[in-house]
Amino acid sequence: MPEHVKIFEVGPRDGLQNQKRLISTEDKVNLVNMLSNCGFSHIETTSFVSPKWVPQMADAAAVMAGISKKSGTAYTALTPNMQGYEAAISAGVDEVAIFASASEGFSQKNINCSVEDSFARFLPILERAKIDKCKVRGYISCVTDCPYDGPTDPDQVVRVALRLLEMGCYEVSLGDTIGAATTETTHKLISSLLNHLSKSVLSGHFHDTNNTALENIVVCLEAGIRTFDSAVGGLGGCPYAEGAKGNVDTVAVVNMLHDMKYETGLNIENLNKAATFAQSLSET
Ligand code: HMG
Ligand code: MG
């Protein structure tokens, strides 16, 4: 039996949040619905963040209201604080994600607070989510490099990862926010993490600025990691990390995994249709 690798599709959120042209709610809903036909267990559908900070995600509740949910798929969203969490739950999100940074510079620029203060903001989310029986995923940005602070010490990523897990996150997604990770820095990072926590709670989240995402995923696969984030059509980037290109393309990851004899449960034909549509949305 081929081994399963889980793909966490982040296109509707990470792929669209940084698009210059304001994409209509209808187009976002259509993209999510197309992705629902591909077989994903998780689709990161939107984010409940400040519309002043990320105008592209201002219609988060309308997107959630418009989509046709498929059973077996969790429709997830980013929530930076309780205001976002409450809005996400009211909108019918199945699972939320909090997002911390391994570096101070990016934390300040992205969520307007220090790394330590971000934990204080996240704690009430985790407490409430426990009562609501809502799963919480944790992101760590800038796991190897920060656009403001330079190279990241793997020990700092370990500290943030352990903190997120202790607080109740079920999984930690390792964000190479600016796509600067190399096979060497990825290997060093994963080795440090695996001294302290299990490979089963980690996901790789590589942006593909330097076309190194696939080889970094291979490094993670060799270390036993079996969950990866990707965005259909290779769209994406963070408004607070200038120069950060798209996420690694879901189709490229799935094709590589299938070539390596892993199984993803994803339908390539439907994925290609969704990719063509996603790319049309990113054209100015
Ligand atoms: P702040 O300005 O410090 O927040 O922003 P505040 O609490 O002072 O509130 C200011 C205003 O925002 C108030 O409105 C609030 O109501 C509103 P006003 O009174 O001025 O009219 N507000 C909200 N509105 C809607 N939903 C909310 C919300 N919270 C406050 N949840 C804040 C702090 C965290 C809100 C802000 O910095 C923010 O929204 N940042 C999000 C940035 C973002 O979304 N970045 C991209 C996602 S992260 C990423 O891409 C990386 C990742 O992919 C992994 C990787 O690649 O590394 C995950
Ligand atoms: Mg990202």
Side-chain angles (χ1 to χ4, degrees), residues 1-15 32-45 68-76 94-95 97 133-140 143 161 164-165 169-176 181 183 186-187 189-208 211-234 247-276 278:
M1 282 284 283
E3 214 184 325
H4 181 72
V5 173
K6 179 170 115 188
I7 301 296
F8 199 112
E9 171 60 41
V10 297
R13 193 280 302 173
D14 205 337
V32 176
N33 287 344
M34 289 177 91
L35 292 167
S36 292
N37 288 329
C38 297
F40 291 106
S41 61
H42 292 80
I43 300 175
E44 197 166 73
T45 306
S68 305
K69 282 186 168 187
K70 221 171 193 170
S71 76
T73 303
Y75 296 84
T76 76
D94 298 311
E95 176 180 316
K133 295 191 171 38
C134 175
K135 288 174 82 177
V136 183
R137 192 177 202 232
Y139 279 100
I140 308 178
V143 291
L164 291 172
L165 293 168
C169 290
Y170 76 94
E171 183 170 270
V172 170
S173 175
L174 303 167
D176 174 17
T183 51
T186 302
H187 186 267
L189 170 69
I190 303 301
S191 304
S192 299
L193 284 161
L194 293 185
N195 285 331
H196 300 272
L197 46 85
S198 161
K199 60 196 177 194
S200 64
V201 297
L202 294 176
S203 179
H205 177 108
F206 293 98
H207 286 258
D208 206 13
N211 298 318
T212 49
L214 289 178
E215 56 197 61
N216 291 330
I217 288 175
V218 171
V219 171
C220 294
L221 283 166
E222 283 167 358
I225 294 171
R226 294 290 180 268
T227 303
F228 297 97
D229 305 355
S230 61
V232 70
N247 290 267
V248 65
D249 180 356
T250 305
V251 171
V253 178
V254 171
N255 280 332
M256 180 183 82
L257 290 168
H258 290 180
D259 285 349
M260 293 172 81
K261 306 295 176 219
Y262 289 103
E263 168 274 308
T264 61
L266 296 171
N267 180 312
I268 278 285
E269 202 182 317
N270 291 348
L271 211 43
N272 276 320
K273 284 185 202 155
T276 304

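Note: hydrogens, waters and symmetry copies are ignored here, and every other heavy atom, side chains too, is used.
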So is Arg13 actually on top of Tyr139's ring, under 6.0 Å and inside 45° of the axis? yes
Relative to Tyr170, does Lys135 satisfy both conditions: NZ or CZ under 6.0 angstrom from the six-membered ring centre, and within 45 degrees of the ring's axis? yes
Is there side-chain contact between [X] and [Y], with at least one heavy-atom pair below 4.5 Å?
| X | Y | value |
| --- | --- | --- |
| Leu194 | Ile190 | yes |
| Val248 | Asn216 | no |
| Phe228 | Leu221 | yes |
| Glu3 | Glu263 | no |
| Val254 | Thr250 | yes |
| Met256 | Ile217 | yes |
| Cys220 | Phe206 | yes |
| Asp229 | Arg137 | yes |

Quick check: are there more than 12 heavy atoms from other residues, nucleotides or ligands sitting under 6.0 Å from NE2 of His187? no
Over all atoms of both residues, closest heavy-atom pair of [X] and [Y]:
| X | Y | value |
| --- | --- | --- |
| Ala161 | Leu197 | CB-CD2, 3.9 Å |
| Ser68 | Ser36 | O-OG, 4.1 Å |
| Gly11 | Ala231 | CA-CB, 3.7 Å |
| Gly233 | Ala275 | N-CB, 4.0 Å |

Just do the ring pair (Phe, Tyr, Trp, His ring centres under 6.0 Å) check on His4 and Tyr262 with the steps written out, would you? CA-CA 6 Å; His4 181 72; Tyr262 289 103; 9.8 Å; no
If we ignore hydrogens and angles and just use 3.5 Å, is the side chain of [X] paired with the main-chain N or O of [Y] as donor and acceptor?
| X | Y | value |
| --- | --- | --- |
| Asp208 | Thr212 | yes |
| Asn247 | Gly234 | no |
| Ser191 | Leu189 | no |

State, without any angle test, whether [X] and [Y] hold a side-chain donor-acceptor pair at a distance under 3.5 Å.
| X | Y | value |
| --- | --- | --- |
| His205 | Asp14 | yes |
| Glu9 | His42 | no |
| Lys70 | Asn37 | yes |
| Thr227 | Ser203 | no |

Got a second to check how far [X]'s [atom1] is from [Y]'s [atom2], nearest 0.5 Å?
| X | Y | atom1 | atom2 | result |
| --- | --- | --- | --- | --- |
| Leu165 | Ser198 | CG | OG | 9.5 Å |
| Thr45 | Glu95 | OG1 | CD | 10.5 Å |
| Met34 | Leu271 | CE | CG | 10.0 Å |
| Thr186 | Glu222 | OG1 | CD | 11.5 Å |
| Asp176 | Ile140 | CG | CD1 | 13.0 Å |
| Ile225 | Ser200 | CD1 | OG | 10.0 Å |

Test side chain to side chain contact (heavy atoms under 4.5 Å, CB included) applied to Val172 and Val201, Leu193, Leu164, Val143, the passing residue: Leu164
Please determine whether salt bridge (charged side-chain N to carboxylate O under 4.0 Å, His left out) holds for the pair Lys6 and Glu171, giving the CA-CA distance in whole Å, both sets of side-chain angles, and the decisive distance to 0.1 Å. CA-CA 12 Å; Lys6 179 170 115 188; Glu171 183 170 270; 3.8 Å; yes
